[in-house]
Amino acid sequence: MGRIKQIYYMTKATFLEERHNKRVIMGFLLGMALFGYWLNYFLQYALDIGEPVNILEAFIVVEHHHKSILFLIVGWLLIISDAPFIKKNTYLSLCRSSRKKWDAAMLQYIIIQAFLYVAGIAVVSVTVSFLCGFWGNIWSSPVYNLAMDTGNHLGVKYNISFPWVNVMQTMTVPQAFMITFILLFLYLILIGFLLYVCNLLLKEIYGILIVFGIQISGYLLQQEGFTHLSLMAKAIPGYAIDGNGGQWKVVVLFCAIILILALISLWLIGWVDFKDEVEEE
């Protein structure tokens, strides 16, 4: 229990230090603004159709939009770009606990921030959708029309698309909302842990460049049809949902990568020169 308490207090201290950080605040605002950009297109489309949408559908549709998930990561990277969050009081935390406990606290901080980031976006989408929406298990006519728009005429006109008939056939709206939330949440943790590990090994700028490179390459691979090689594409449930639990294979894959990155950080933390990091700060 003492170990858990120490990790909890170090995580709490990191939140207290970061909550007024302009970079973190801007990250959350940017993420919601970028999501709102495509959310506006979807709601405008629904208003033009003149039929209500399920209040959970906006989050599902926008997160499935390839450009949306590409840019959502920008806000997330702003929030965690300072990883591993080394401050002038880091020595005190290390003396009162240990490097491994401190490492666990930093990873826990990333996980909680990832949840808050996705939850904030989801809450905004649901709240705004109340203006022209309803609650239930069924899919709405506007989203059905988007899914059946094989010629992408609506996609071109409204700059939003949802070519995922498989999602609608396999899942109810709440189920699709849940798996969309989970995959985006796990993908953000994966990106956060990767940046954290890179920053333990290299200077922050190189970590950011590596993560951005993986994100851009994932987008390009997705555009070229190599979705099985793109981590970003795997964060879009439509690529995995096949009626046979394909989405859970992605969940297992993401969890495995996250665990491997956590173990690497646990090994690396013993080699980090905190003195140099604090001096650079």
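Position 1 is the first residue of the sequence; numbering continues from there.
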- Message: Go through it in stages, so that I can follow the logic: the residues are Q44 and D48, the test is side-chain hydrogen bond (donor to acceptor under 3.5 Å, both in side chains), and I'd like the CA-CA distance, side-chain angles, deciding distance and then a yes or no.
- Response: CA-CA 6 Å; Q44 185 59 56; D48 285 355; 3.0 Å; yes
Mind checking whether [X] and [Y] sit in one hydrophobic cluster, side chains of I, L, V, M, F, W, Y counted as touching below 4.5 Å?
{"X": "F226", "Y": "Y187", "answer": "no"}
{"X": "V74", "Y": "F28", "answer": "yes"}
{"X": "W164", "Y": "M148", "answer": "yes"}
{"X": "F15", "Y": "I80", "answer": "yes"}
{"X": "M232", "Y": "L221", "answer": "no"}

- Task: Take atom OH of Y9 as the centre, draw a 6.0 Å sphere, and report whether it contains more than 12 heavy atoms from other residues, nucleotides or ligands.
- Result: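 Not buried by this count: 12 neighbours or fewer within 6.0 Å.
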- Would one find more than 12 heavy atoms of other residues, nucleotides or ligands at under 6.0 Å from atom OH of Y144? no
- Task: Using modelled atom types only, decide if a donor and an acceptor are shared between the side chain of N166 and the backbone of I241 within a distance under 3.5 Å.
- Result: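 Yes.
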- Would you check if the side chain of W76 reaches a backbone N or O of Q113 as a donor-acceptor pair within less than 3.5 Å?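 Not a single qualifying donor-acceptor pair exists.
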- Task: For the pair W38 and H65, name the ring-plane relationship: parallel under 30°, tilted 30 to 60°, perpendicular over 60°.
- Result: tilted
- Side chains of L56 and W135 in contact at under 4.5 Å (non-hydrogen atoms): yes
